[in-house]
Amino acid sequence: RGAIVFIDVENVRGKSGFELSHANVIDSSSIWASSYGLEGRVSLIVDHGSSPNGYYMKEKKLGIIFSGKAKADDVIVRDIPFCQGELSRD
């Protein structure tokens with residue numbers, strides 16, 4: 001079976017007292033994912049953005065999702081059932 005990991009970027013940054021920049025979270029998440037064999041299976045969800053958008057950073061092997069008007073938590077809750085369905089087809 002596969003795995004998908006969603007990380008709420010602002011929650012991670014908040015735990016650091018917002019000392020971590022977005023770039024720090026991206027770099028650290030890429031290293032972490034690589035060390036656990038999760039390349040291509042980790043998405044960072046960022047609160048807000050001008051519109052809801054998603055990108056794949058090939059060099060970091062991470063998905064980056066901007067939640068638009070929604071919160072990252074809402075995007076994660078919305079997308080988990082879809083991902084579960086996709087993983088159950090594997």
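Separation of atoms OG (S29) and NZ (K61) is listed at 15.0 Å; rounding is to 0.5 Å. The distance from the NE2 atom of H22 to the CZ atom of F18 is 8.5 Å, given to the nearest 0.5 Å. Rounded to the nearest 0.5 Å, atoms CD1 (I45) and CD1 (I65) are 3.5 Å apart.
A donor and an acceptor atom, one from each side chain of N24 and S21, are located under 3.5 Å apart.
Of the possible donor and acceptor atoms, none in the side chain of D73 sits under 3.5 Å from a partner among the backbone N and O of K71. Not a single donor-acceptor pair under 3.5 Å links the side chain of R41 to the backbone N or O of I4.
Applying the salt bridge (Lys or Arg N to Asp or Glu O under 4.0 Å) test to residues at least two apart or on different chains, the pairs with a partner in residues 6-24 are E10-R13.
Every residue was checked against the salt bridge (charged side-chain N to carboxylate O under 4.0 Å, His left out) condition with D79, not counting sequence neighbours, and none meets it.
When all heavy atoms of Y56 and G40 are compared, the pair lying nearest together is OH-CA, 3.5 Å.
Connection of V77 to V75 is not established within any shared hydrophobic cluster, with ILVMFWY side chains joined at heavy-atom distances below 4.5 Å, either directly or through further cluster members.
Other cluster members for Y55: V5, I7, V9, V12, L20, V25, I26, W32, Y36, L38, V42, L44, V46, M57, L62, I64, F66, joined by side-chain heavy-atom distances under 4.5 Å among Ile, Leu, Val, Met, Phe, Trp and Tyr.
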